[in-house]
Protein chains: 2
Amino acid sequence: MSLVTEIEKYLKKLFGNRDVIEVQRNELAEFFNCVPSQINYVLSTRFTPAHGYLVESRRGGGGYVRIIKLSWNVIPQYFLKELSEDVRPGISQQDAEGVLKRLFEDELITNREYNILKAIMDRDTLALNLPERDMIRARIMQALFTTLCRDDF
Amino acid sequence: MSLVTEIEKYLKKLFGNRDVIEVQRNELAEFFNCVPSQINYVLSTRFTPAHGYLVESRRGGGGYVRIIKLSWNVIPQYFLKELSEDVRPGISQQDAEGVLKRLFEDELITNREYNILKAIMDRDTLALNLPERDMIRARIMQALFTTLCRDDF
DNA sequence: CTTGTTTTGACCTTTACTGACCTTTTGGTT
DNA sequence: AACCAAAAGGTCAGTAAAGGTCAAAACAAG
């Protein structure tokens, strides 16, 4: 079994029934007798949002790598389709508002969150020209979805 | 947890309900068993105007370090001002996170909202080159403030 | 033998901590 | 007053302690 797979298994076991773990990159690399960047390879190929994980990290003294388990099932399938298809690298303000409204109706976001997000995704807030504006709105929507799938808070 | 974080927590606890505290730099350094300049590091990385704090100090006999918690009446001015001045328009990710942290600490946004907004304002989400990225982040922050000031929900 | 995956290492960026040296303020001494 | 020493706090450059990136080499599968 390849190293990447062993490290992947090790980390997944580490979760237990928690949904967030924290490791030191160098420590882990030492434990598996490999170069530190190998850890990054594991993270970027096995712990992506598509795999249901989110990775946060911090450099410097007291730095860490934090892996957060996502549960994509909180987001109904129809939303996922909407964004995962690369047919749509961008999303219009109209469509975005539609998605937000639906999220609110499905009680996945609060009224307050709805209003904040609507203001953020407004074309006057983004204030970019058209191909970029819709692209960035899509990325913001993506970030929202990913965060909604976190259940560590 | 790094020393800087421990000192930060200690100081924030020290506030209690007050909005201004006073400490002796050397005393504090002795208490935490570190060099005095470490205290300056804490102040300059964790108690900036973007975090909603102001630091005043005096040297010499009877000297002190005074940390003032800014009110939300004035905090926005600190970076919205920079938007109109054409010197450095925009807000960095660091500063934005400071503002969000303070909003959360003051219970003006929930933990969930904090995480959503942090993800949205992340440089990887905005994914623009530098003058524009910070500008759009400032506009998003502005939109957030405007919406938070609404009281119709 | 070509293609995709894994592994490695050189080089980089960010964050935290330290120490040497500097400035300001106060208060006593002459 | 003028001076000086002690008692604060400030600055900055250097070091240490993390983690990140990228491309090349090695390997595996078809």
Side-chain angles (χ1 to χ4, degrees), chain A residues 1-11 14 20-51 53-68, chain B residues 1-12 14 20-51 53-68 92-98 101 118 121-125 127 129-130 133-134:
Chain A
M1 196 175 37
S2 60
L3 230 194
V4 59
T5 310
E6 278 182 50
I7 299 177
E8 178 192 3
K9 279 194 173 163
Y10 173 82
L11 288 174
L14 207 56
V20 48
I21 59 172
E22 240 177 62
V23 295
Q24 303 282 122
R25 190 183 74 148
N26 290 331
E27 209 174 76
L28 194 58
E30 186 140 5
F31 183 64
F32 279 99
N33 238 297
C34 62
V35 293
S37 55
Q38 174 76 319
I39 307 301
N40 295 81
Y41 182 69
V42 176
L43 295 173
S44 63
T45 58
R46 307 292 203 269
F47 292 89
T48 67
H51 285 99
Y53 294 90
L54 199 65
V55 176
E56 287 178 348
S57 64
R58 230 183 126 78
R59 307 184 186 190
Y64 58 81
V65 173
R66 181 182 299 152
I67 312 177
I68 301 152
Chain B
M1 199 177 28
S2 56
L3 194 50
V4 59
T5 309
E6 279 181 50
I7 299 177
E8 176 194 3
K9 279 193 175 164
Y10 173 81
L11 289 173
K12 285 187 175 166
L14 209 56
V20 50
I21 58 173
E22 246 178 56
V23 294
Q24 303 283 121
R25 189 182 74 148
N26 289 331
E27 207 174 80
L28 194 57
E30 185 139 6
F31 182 63
F32 279 100
N33 238 297
C34 62
V35 294
S37 55
Q38 174 76 323
I39 306 300
N40 295 82
Y41 182 70
V42 177
L43 295 173
S44 64
T45 57
R46 305 290 203 270
F47 292 89
T48 69
H51 285 92
Y53 294 90
L54 218 58
V55 175
E56 286 176 351
S57 64
R58 237 183 117 80
R59 308 183 186 194
Y64 58 82
V65 172
R66 180 181 301 152
I67 311 177
I68 301 154
S92 70
Q93 180 172 337
Q94 257 201 345
D95 283 358
E97 283 178 11
K101 192 172 174 187
K118 188 152 77 73
M121 296 196 201
D122 192 283
R123 58 173 74 81
D124 292 335
T125 300
N129 286 327
L130 242 195
R133 193 168 75 224
D134 283 4

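Not measured: the values here are computed from a predicted model. Every chain is numbered from 1, with letters handed out A, B, ... down the list of sequences.
Applying the side chain to side chain donor-acceptor pair (under 3.5 Å) criterion to B/Glu30, with sequence neighbours excluded, gives no partner residue. Residues satisfying the side chain to side chain contact (heavy atoms under 4.5 Å, CB included) test with B/Thr125, not counting sequence neighbours, are A/Arg139, A/Ile140, A/Ala143, B/Asp122. Residues that satisfy the ring-ring contact (aromatic ring centres under 6.0 Å, His included) test with B/Tyr10, not counting sequence neighbours, are B/Phe31, B/Phe32. For the side chain to side chain donor-acceptor pair (under 3.5 Å) test, residues two or more places apart in sequence or in another chain that qualify with B/Glu56 are B/Arg66. Remark: B/Arg123 pairs with B/Gln93, B/Arg133, B/Arg137 by the side chain to side chain contact (heavy atoms under 4.5 Å, CB included) rule, at least two apart or across chains.
Scanning residues 22-35 of chain B for heavy-atom distances under 4.0 Å to DNA chain C yields B/Cys34, B/Val35. Shown for residues 55-64 of chain A: residues whose heavy atoms fall under 4.0 angstrom of DNA chain C, namely A/Arg58, A/Arg59, A/Gly60, A/Gly61. DNA chain D is contacted by B/Ser37, B/Asn40 of residues 36-46 of chain B, taking any non-hydrogen atom closer than 4.0 Å.
Both A/Val4 and B/Thr5 lie close to DNA chain C; mapped to their nearest nucleotides by heavy-atom distance, the more 5′-ward contact belongs to A/Val4.
Within the 4.5 Å cutoff, side-chain heavy atoms of A/Leu11 are placed close to those of A/Leu28.
In this structure, B/Gln94 places its CD atom where only 12 or fewer heavy-atom neighbours from other residues, nucleotides or ligands lie under 6.0 Å away.
Residue A/Glu6 is classed as having no contact, given no heavy-atom separation below 4.0 Å to the nucleic acid.
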Atom pairs and distances, side-chain donor-acceptor, residues 34-49 of chain B, under 3.5 Å, sequence neighbours left out:
from, atom 1, to, atom 2, distance (Å)
B/Asn40, OD1, B/Arg25, NH1, 2.7
B/Ser44, OG, B/Asn40, O, 3.0
B/Ser44, OG, B/Tyr41, O, 3.3
B/Thr45, OG1, B/Tyr41, O, 2.8
B/Arg46, NE, B/Glu8, OE1, 3.1
B/Thr48, OG1, B/Ala50, N, 3.3
B/Thr48, OG1, B/His51, N, 3.3
B/Thr48, OG1, B/His51, ND1, 2.8

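Between chain A and DNA chain C, the heavy-atom contact criterion of under 4.0 Å yields a 5' to 3' nucleotide range of C/dT5 to C/dA16.
We find the CD-CZ distance between A/Glu22 and A/Arg58 to be 11.0 Å, quoted to the nearest 0.5 Å. Residue A/Ile68 holds its CD1 atom at 5.0 Å from CG of A/Leu54, rounded to the nearest 0.5 Å. For the atom pair B/Asp95 CG and B/Glu97 CD, the distance stands at 10.0 Å (nearest 0.5 Å).
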Which letter, B, S or -, goes with each nucleotide of nucleotides 23-30 of chain D from 5' to 3', with contact meaning a protein heavy atom under 4.0 Å? --------
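Stem analysis of DNA chain D (Watson-Crick or G-U pairs, both distances under 3.5 Å, runs of at least three) returns C:1-30 with D:1-30.
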